[in-house]
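When a ligand or atom number is given, it counts from 1 through the structure's own listing order. As the structure is a computational prediction, the values presented were derived from the model and not from experiment.
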Amino acid sequence: MSLKGRNFLKLLDYQEEEILHILDLSQKFKDMKKNNIPHRYLEGKNIVLLFEKTSTRTRCAFEVAGLDLGMGVTYLDASSSQMGKKESIEDTAKVLGRMYDGIEYRGYGQNIVEKLAKYAKVPTWNGLTNEYHPTQMIGDLLTIKEHFGYLKGLNLTFVGDGRNNVANSLMVACAKMGINYTCIAPNELYPIESLVDTCNEIASKNDCKIKITSDIKDGVAKSNIIYTDVWVSMGEPEGIWEKRINLLKPYQVNQKMMKMANDNCIFLHCLPSFHDLNTTIGKEIFNKYGISEMEVTDEIFKSEKSLVFNQAENRMPTIKAIMYATMSDEKINE
Ligand code: CP
Ligand code: NVA
């Protein structure tokens, strides 16, 4: 299988076998790194990382993966390029495409990363947009596969803002991989209908189901994986916090919720997470609204069931696999 020359903009563009191929490659890269086997397969190539929103995991994963593969890596943040302010996305893409062999973009509309890909004509990877977070999914699927040994037939439940980038991507990832997906959210935060319809269609061919509900007990029952994310995503207005807290407080992942799930249920979160008062925003929210833990309690976050740092670790080998697969069709030595 060759994915050379492809972009990685959203999982809807990928077939199940292609995702499995990337997961296999990820495991190989993870093993090579653990065993100190050098893999500078893309020496001489260069990539650029465009970040219009902040990042720890995604940026570091792209940088380390790029360097491990022997590539040159340029990082540009919102304030240090002409993109958008003095130069259109189209022109920027054309310039970058002439200098680099691959482009990562994290920022706002999905249309921006789609446009970059269209005009740059080199593999372009979505490092998070308002709509989707596809590289996160490959890291999450690897984490799930490592833990359970398989994907098909598992029950994954997302609790929280059911229409954010991570929730959207999880719904697509589950439908593609044969995982039953339940989204538990208040009505106001249900995923958009057109995406649910698309995912239902995919799921019906893959022997799995998509369910959207506000009922926690019903939604959590039989879950093998409970996944949550922040209540307010990057780029959303500050003023939305109060409304979101009121809407999502009953949907916090806590001991009571975990007990409603399957005994073997694990907890996942893409991170960063507000589970204590050790962040500036966490403290501000506490001072304003009196809550010290948001989408997940500190107890669950730090429990044995929580695999959140495995997820974070898996971002790097999976991003390495995504870049390698789309930039080269050489087989790798194991
Ligand atoms: N999960 C994730 O994308 O983390 P960063 O925002 O730190 O990149
Ligand atoms: N939904 C979150 C994900 C962060 C990785 C955000 O967009 O801020």
Answer with yes or no whether [X] contacts ligand 1, where contact means a heavy atom under 4.0 Å from a ligand atom.
| X | result |
| --- | --- |
| Gln311 | no |
| Lys53 | no |
| Leu128 | no |

Heavy-atom count check: over 12 atoms from other residues, nucleotides or ligands less than 6.0 Å from Met99 CE?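 Result for CE/Met99: open.
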Is it true that, when you exclude Lys152 itself, more than 12 heavy atoms of the residues, nucleotides or ligands shown sit nearer than 6.0 Å to its NZ?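 More than 12 within 6.0 Å, yes.
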Would you mind checking which non-hydrogen protein atom is closest to atom 8 (O) of ligand 2, with the distance to 0.1 Å?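 Looking only at protein heavy atoms, the one closest to atom 8 (O) of ligand 2 is Met234 N, 2.8 Å.
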Protein contact of atom 3 (C) of ligand 2 - nearest heavy atom, named by residue and atom, plus distance: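 For atom 3 (C) of ligand 2, the nearest protein heavy atom is Asp229 OD2, 3.6 Å.
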Using the rule that Ile, Leu, Val, Met, Phe, Trp and Tyr join whenever any side-chain heavy atoms are under 4.5 Å apart, tell me whether Leu49 and Tyr132 fall into a single cluster.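 Yes, Leu49 connects to Tyr132 through the hydrophobic network.
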No-hydrogen, no-angle side-chain donor-acceptor test under 3.5 Å, Glu295 and Ser273: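 Present: a donor and an acceptor within the cut-off.
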Is there a donor-acceptor contact under 3.5 Å linking the side chains of Gln110 and Thr129? yes
A side-chain contact here means heavy atoms from C-beta on lying under 4.5 Å apart; do [X] and [Y] qualify?
| X | Y | answer |
| --- | --- | --- |
| Phe274 | Ile285 | no |
| Ile89 | Met83 | yes |
| Glu104 | Thr58 | yes |
| Thr74 | Asn46 | no |

So for Leu128 against ligand 2, with non-hydrogen atoms under 4.0 Å, the contacting part is side chain
Report yes or no: does a heavy atom of Leu271 sit under 4.0 Å from some atom of ligand 2? yes
N/O of [X] under 3.5 Å from N/O of ligand 2, yes or no?
| X | result |
| --- | --- |
| Cys270 | no |
| Asn165 | yes |
| His133 | no |

N or O contact, [X] vs ligand 1, cut-off under 3.5 Å:
| X | result |
| --- | --- |
| Leu271 | yes |
| Arg59 | no |
| Pro272 | no |

Under the 3.5 angstrom rule, does the side chain of Ser169 hit a backbone N or O of Val166 as a donor-acceptor pair?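 No, Ser169 side chain to Val166 backbone: no donor-acceptor pair under 3.5 Å.
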Taking only non-hydrogen atoms of Arg315 and a 4.0 Å limit, the atoms of ligand 1 in range are 1 (N), 2 (C), 3 (O)
For Thr56, counting its heavy atoms only, list the atoms of ligand 1 lying under 4.0 Å from any of them.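 Within the 4.0 Å cut-off of Thr56, ligand 1 contributes 5 (P), 7 (O), 8 (O).
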For Ser233, take its heavy atoms, then give the atoms of ligand 2 lying under 4.0 Å from any of them. 1 (N), 2 (C), 6 (C), 7 (O), 8 (O)
